[in-house]
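Everything on this sheet refers to the single structure shown next.
Within every chain, numbering begins at 1; the chains are lettered A, B, ... in the order of the sequence lines, protein sequences first and strands thereafter.
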2 protein chains.
Amino acid sequence: MNVKTLCLSILFEKEASGYEIRQLCMNGECAYFVEVSFGSIYPALAKMEKESLLTSHTQEQQGRPAKKIYKITDKGKEEFRASLFESLNDDVFRSEFLLFAQFAHLLPSSLVKKRLSERLEMLEKEVFDLEKLIKEIPENATSNNGTYWVINYGLSIRRVEKQYISTHMSELVKMAQTEKLNQKA
Amino acid sequence: MNVKTLCLSILFEKEASGYEIRQLCMNGECAYFVEVSFGSIYPALAKMEKESLLTSHTQEQQGRPAKKIYKITDKGKEEFRASLFESLNDDVFRSEFLLFAQFAHLLPSSLVKKRLSERLEMLEKEVFDLEKLIKEIPENATSNNGTYWVINYGLSIRRVEKQYISTHMSELVKMAQTEKLNQKA
DNA sequence: ACTTGCATGTAAGTGGTTACATGATTGG
DNA sequence: CCAATCATGTAACCACTTACATGCAAGT
């Protein structure tokens with residue numbers, strides 16, 4: 001899944017600027033989170049406008065820089081739809097956290113404990129944000145039911161991750177290297 | 001997580017050739033599956049040997065090309081361990097399947113049904129393979145307990161994905177475009 | 001005074017993939 | 001006979017990131 005397809009998928013549902021597209025990728029508007037940089041979004045949008053998959057208009061704002069709002073054309077919609085018929089690439093799942101966890105036995109237990117807590121916290125935030133998002137969707141007319149389905153998919157995953165860490169974190173901490181206790185006297 | 005770190009993590013636990021490292025990445029030996037190509041593994045290994053993080057010896061085989069087996073050095077082990085202390089990058093999760101699912105309403109129900117079945121089948125295979133892997137570990141002295149922990153993490157995720165699709169696939173199919181029925185007479 | 005957020009865009013760098021080159025063996 | 005598996009390696013290419021350039025407003 002490249003930046004082009006990603007932008008089209010967002011613009012299919014609503015108009016947006018390059019800046020806004022990035023925001024939507026960072027927060028879990030799409031449950032297949034992708035972190036994309038401006039350096040890839042802006043050229044992609046410009047190129048697609050040249051190919052007349054998009055049109056744009058500039059919207060002046062008070063006290064802020066002007067926005068360049070992109071809108072998908074019929075040609076863009078058709079191209080996006082056609083791309084959905086192509087065979088799917090495999091999911092990409094890469095986790096430095098899991099690499100860290102696998103080698104907990106090489107690390108001090110304090111660090112292992114810290115990383116696990118951070119992870120748990122992050123997952124709790126993500127679950128919270130996605131649950132909030134779902135509640136907001138009914139009022140948001142631009143989303144379709146597929147969006148619901150996909151967010152719930154992502155939510156299911158985050159919830160088991162959370163659960164797994166809660167119930168198994170002590171095991172991993174036990175594997176880690178016990179440090180000399182610096183208790184008072 | 002780059003190819004270098006990935007290779008070191010595998011070689012930390014056992015000696016292997018470039019070809020074998022790739023196999024291990026493709027099957028879920030590491031639950032943070034990464035698909036790496038030969039074009040990135042071979043240069044990475046050669047470079048690391050130059051930096052004396054690895055040593056290698058060639059193993060002739062009957063009826064097959066010779067293998068170049070790499071072994072991690074103490075320096076390599078230390079460098080890998082040190083890298084685990086660095087702050088973690090975010091997980092990368094990118095799913096073309098979920099993009100497809102989000103736009104099910106644009107697609108014929110037969111295609112949606114097909115993709116969902118394929119996905120379910122793939123997940124069932126992955127769960128089966130990971131469960132098999134766990135059973136084999138006790139006999140495999142080179143793995144540590146962290147490996148267990150990580151595989152079970154990946155397994156938990158795959159199991160909910162499987163479950164989610166089983167129970168919710170009909171909803172997505174309903175959203176898809178009903179086709180003209182070509183039933184006999 | 002400094003940082004953060006808003007907003008767009010380019011140029012340089014990098015970390016990968018794809019395709020190519022080579023070649024023997026086994027299975028359909 | 002063709003495809004696949006085993007096995008290593010290079011060169012061309014590509015998509016994306018990082019850093020840079022610019023600038024104003026609001027909050028700390």
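Atom-to-atom, NZ of B/K68 to C1' of D/dC6 comes out at 17 Å; the value is rounded to the nearest Å. Computed from coordinates, the A/R22 CZ to D/dC16 P distance equals 14 Å when rounded to whole Å. Atom CD1 of A/I69 and atom C1' of C/dC6 are 13 Å apart (whole Å). In this entry the distance linking OH of A/Y42 with P of D/dT17 reads 14 Å, nearest Å. Across the protein-nucleic acid pair, B/R64 atom CZ and C/dT22 atom C1' stand 18 Å apart, rounded to whole Å. Atom CD1 of A/I41 and atom C1' of C/dT10 are 15 Å apart (whole Å). Counting to the nearest Å, the C1' atom of C/dG16 and the NZ atom of B/K47 are 13 Å from each other. Spacing between atom CZ of A/R94 and atom P of D/dC16 amounts to 13 Å, rounded to whole angstrom units.
Distances from the side chain of B/N2 to the nucleotides C/dC6, D/dT5, C/dG16 place C/dG16 closest. Taking the side chain of A/F38 as heavy atoms from C-beta on, and the options D/dT8, C/dT8, C/dT17, the nearest nucleotide is C/dT8. The side chain of A/Q23 approaches C/dC6 more closely than any other nucleotide in the set D/dT8, D/dC16, C/dC6.
Counting non-hydrogen atoms of other residues, nucleotides and ligands closer than 6.0 Å to CZ of A/F128 gives a total of 12 or fewer. Environment of CD in A/E121: sparse, with no more than 12 heavy atoms of neighbouring residues, nucleotides or ligands closer than 6.0 Å.
Between B/A66 and A/E35, the one whose closest nucleotide on DNA chain D sits nearer the 5' end is B/A66. In terms of position along DNA chain D, the nucleotide closest to A/S37 lies nearer the 5' end than the nucleotide closest to the other residue of the pair A/P65 and A/S37.
In this structure, A/Y19 and A/F38 have parallel ring planes: the angle between them is below the 30° cut-off, well short of the 60° mark.
Applying the 4.0 Å criterion to OP1 and OP2 of C/dG15, one finds that B/S40 has every side-chain N and O outside that range. Of the side-chain N and O atoms in B/Q61, one or more sit less than 4.0 angstrom from OP1 or OP2 of D/dA7.
A/G18 and A/Y42 make their closest contact through CA-CE2, 3.9 Å (heavy atoms, listed as atom of the first residue, atom of the second, distance).
Between the side chain of A/R115 and the backbone N or O of A/F100 there is no donor-acceptor pair closer than 3.5 Å.
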